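Please read the structure below before turning to the comments.
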Amino acid sequence: MKTVRSPIGQLLDTGNIMIYGDNVSHVNPISQSFDFMTDTLLPGMKLGWNWVTGTERYLTSWKFRDEPALGDYSLKVDTRGYPQMILWDVEKIKFRGGPWDGFRFSGDPDLKPNLIYNFTFVVNQREIYYQYNLIDTSFITRLVLQPSGNIECLLWVDSIQDWSLYLALEGDYRDRYAVCKAFGSCNIDNSSVCECLKGFEPTSPEQWRVAIWSQGCRRTTPLDFGPGEGFNKHINMKLPDTLGSWYNQTMTLVECENMCKSNCSCTAYTNLNTSGTGSGCLLWFGDLTDIKTIAETGDSLYIRMPPSELDLVENSRSSNAGRRVRIIVPISIVALAILVSLCLFYRFRTRIRENRSGDEDLELPLFCLSTLLTATNNFSMDNKLGEGGFGPVYKVFYDSMTAM
């Protein structure tokens with residue numbers, strides 16, 4: 001902090017104490033209390049990083065409820081990959097909120113829109129932070145990291161002159177970090193806490209049967225990095241730990257798939273932002289850990305698989321597109337050939353009917369007996385040409401010169 005001769009302090013309605021230098025701009029204070037959090041996050045505070053000043057803002061629990069010394073727990077935004085919220089127990093991860101998906105943190109389904117406050121997560125070149133602000137300013141609220149490691153949202157109630165619990169993130173055994181280890185998923189709807197993802201099997205089946213999941217899961221069929229590899233889509237998931245991940249905020253999902261497929265080290269991918277039609281790209285490399293099935297509100301994850309393990313229905317878009325082309329093109333050619341044949345047959349039949357109609361409309365001349373006698377010279381044998389199924393055939397004369 002730089003030294004100033006005549007600092008000016010200002011206490012804002014938000015509870016933030018701003019310290020300004022000699023020239024008061026009220027825009028860039030030299031210090032503010034909101035940068036030095038303890039166990040409480042107030043509306044308007046930014047939990048995360050300011051890259052311009054190099055300031056990290058995070059919560060630290062008290063040692064006990066009546067002792068404000070530093071406790072064991074801290075809540076921080078981890079930036080070693082795509083930013084994610086992590087609750088630390090000293091140097092051990094207790095809970096991982098997961099990456100922000102455009103609506104909430106992937107591993108925190110209880111973080112939902114409400115009538116009291118809204119929330120956001122900002123990622124840019126200057127800052128990375130989580131923040132919430134009041135919608136109804138008549139409420140007084142605070143988010144507290146308790147000495148037990150629980151995170152509680154409290155509301156002040158005038159009628160009892162005390163804080164009331166509005167929302168708590170306490171979790172259970174299945175919310176602990178990476179319980180099921182690599183490629184294993186926690187599912188709260190199953191009696192067994194852990195299960196291997198589709199296409200994976202327990203690394204140690206004997207230990208898995210007795211609920212020892214420390215070795216996680218492995219691929220049923222190893223990757224061969226051939227052209228037939230694709231991605232299986234998993235839905236309603238808490239996204240894996242983003243430590244060491246790579247992200248881009250503007251790529252499409254198709255571009256993201258191509259990026260992952262072109263890198264042999266890429267294990268999985270997904271949209272960075274699921275709001276609207278989706279945008280951005282998030283890639284994972286190596287093992288996928290701390291995955292959980294979250295009914296209805298989870299995110300989608302595309303995991304790289306060998307050809308033998310690809311889903312028959314849900315497959316990568318590129319593979320499906322190629323398969324559809326190989327099927328549709330021959331069918332289209334056959335259908336076109338049949339259609340052309342029907343058209344030609346119809347035209348042929350039409351012409352035959354027209355010719356028959358013309359023949360039926362032809363008017364034949366009528367002759368009386370005296371004319372026939374004269375023309376055949378009284379049916380003379382000299383005029384007889386032959387005889388067929390309808391009788392004898394004679395050569396006749398229309399006049400003295402023309403024979404018929």
Side-chain angles (χ1 to χ4, degrees), residues 96 98-99 101 106-107 109 174-242 245 253-254 256-261 263-271 274 278 281-324:
R96 185 184 63 91
D101 64 7
S106 178
R174 287 166 288 196
D175 287 318
R176 288 173 50 188
Y177 176 73
V179 171
C180 302
K181 304 302 179 182
F183 301 109
S185 174
C186 291
N187 191 334
I188 61 176
D189 295 326
N190 290 349
S191 56
S192 176
V193 174
C194 294
E195 61 182 2
C196 291
L197 296 173
K198 179 177 172 57
F200 296 83
E201 61 185 7
T203 303
S204 174
E206 295 79 10
Q207 292 185 7
W208 199 269
R209 282 194 291 268
V210 293
I212 299 177
W213 306 294
S214 58
Q215 297 190 46
C217 303
R218 64 187 178 189
R219 292 184 179 275
T220 304
T221 304
L223 294 172
D224 58 10
F225 305 105
E229 286 185 353
F231 298 88
N232 280 347
K233 182 179 180 181
H234 298 257
I235 61 173
N236 296 328
M237 307 293 289
K238 172 187 177 181
L239 296 178
D241 191 347
T242 57
S245 64
L253 190 62
V254 174
C256 190
E257 177 185 357
N258 293 335
M259 175 70 75
C260 186
K261 200 167 188 178
N263 189 327
C264 294
S265 300
C266 182
T267 307
Y269 74 93
T270 193
N271 264 141
T274 58
C281 176
L282 179 56
L283 303 183
W284 283 266
F285 307 90
D287 292 346
L288 304 177
T289 58
D290 195 32
I291 303 173
K292 180 180 177 180
T293 300
I294 302 177
E296 299 181 1
T297 59
D299 294 301
S300 296
L301 179 67
Y302 302 84
I303 301 179
R304 190 181 204 132
M305 301 300 293
S308 61
E309 297 294 338
L310 292 177
D311 289 340
L312 296 178
V313 177
E314 187 62 59
N315 203 345
S316 64
R317 288 165 302 284
S318 58
S319 299
N320 280 341
R323 187 180 298 111
R324 285 195 295 268

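These numbers come from a predicted model, not from an experiment. The figures that follow rest on heavy atoms only: side chains count, while hydrogens, waters and symmetry mates do not.
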Kindly check if the number of other-residue, nucleotide or ligand heavy atoms within 6.0 Å of CD1 (Ile235) is above 12?
-> no
SG-SG distance between Cys217 and Cys180 under 2.5 Å?
-> no
Considering residues at least two apart in sequence or located in another chain, which fulfil the side-chain hydrogen bond (donor to acceptor under 3.5 Å, both in side chains) criterion with Asp299?
-> Ser106
Who are the side-chain hydrogen bond (donor to acceptor under 3.5 Å, both in side chains) partners of Thr293, not counting sequence neighbours?
-> Ser185
For Ala268 and Ile303 the tightest heavy-atom approach is CB-CA, 4.0 Å
From Glu195 atom CD to Phe200 atom CZ, the distance as rounded to the nearest 0.5 Å = 13.0 Å
What pair of heavy atoms forms the shortest contact from Leu310 to Gly230, and how long is it?
-> CD2-C, 3.5 Å
Who passes side chain to side chain contact (heavy atoms under 4.5 Å, CB included) against Cys256, sequence neighbours left out?
-> Tyr269, Cys281, Leu283
What residues form a side-chain hydrogen bond (donor to acceptor under 3.5 Å, both in side chains) with Arg218, not counting sequence neighbours?
-> Glu201
Only counting residues at least two apart or in another chain, list the ones meeting side chain to side chain contact (heavy atoms under 4.5 Å, CB included) with Asn236.
-> none
Main-chain N/O of Cys266 paired with Arg304 side-chain donor or acceptor, under 3.5 Å | yes
Pairing residues for Ser204 by the side-chain hydrogen bond (donor to acceptor under 3.5 Å, both in side chains) criterion, not counting sequence neighbours | none
Identify the two heavy atoms, one from Leu239 and one from Trp284, that lie closest to each other, and give their separation to 0.1 Å.
-> CB-CZ2, 4.1 Å
Is Asp311 reaching over with its side chain to a backbone N or O of Asn232, donor-acceptor style, under 3.5 angstrom?
-> no
Main-chain N/O of Pro202 paired to Gln215 side chain as donor or acceptor, under 3.5 Å = no
Looking at side-chain heavy atoms only, is the closest gap between Phe183 and Thr267 below 4.5 Å?
-> yes
Sequence neighbours excluded, the answer for side chain to side chain contact (heavy atoms under 4.5 Å, CB included) partners of Pro306 is Arg219, Thr221, Leu223, Ser308, Glu309
With a 4.5 Å heavy-atom cut-off, do Lys238 and Arg96 have their side chains touching?
-> yes
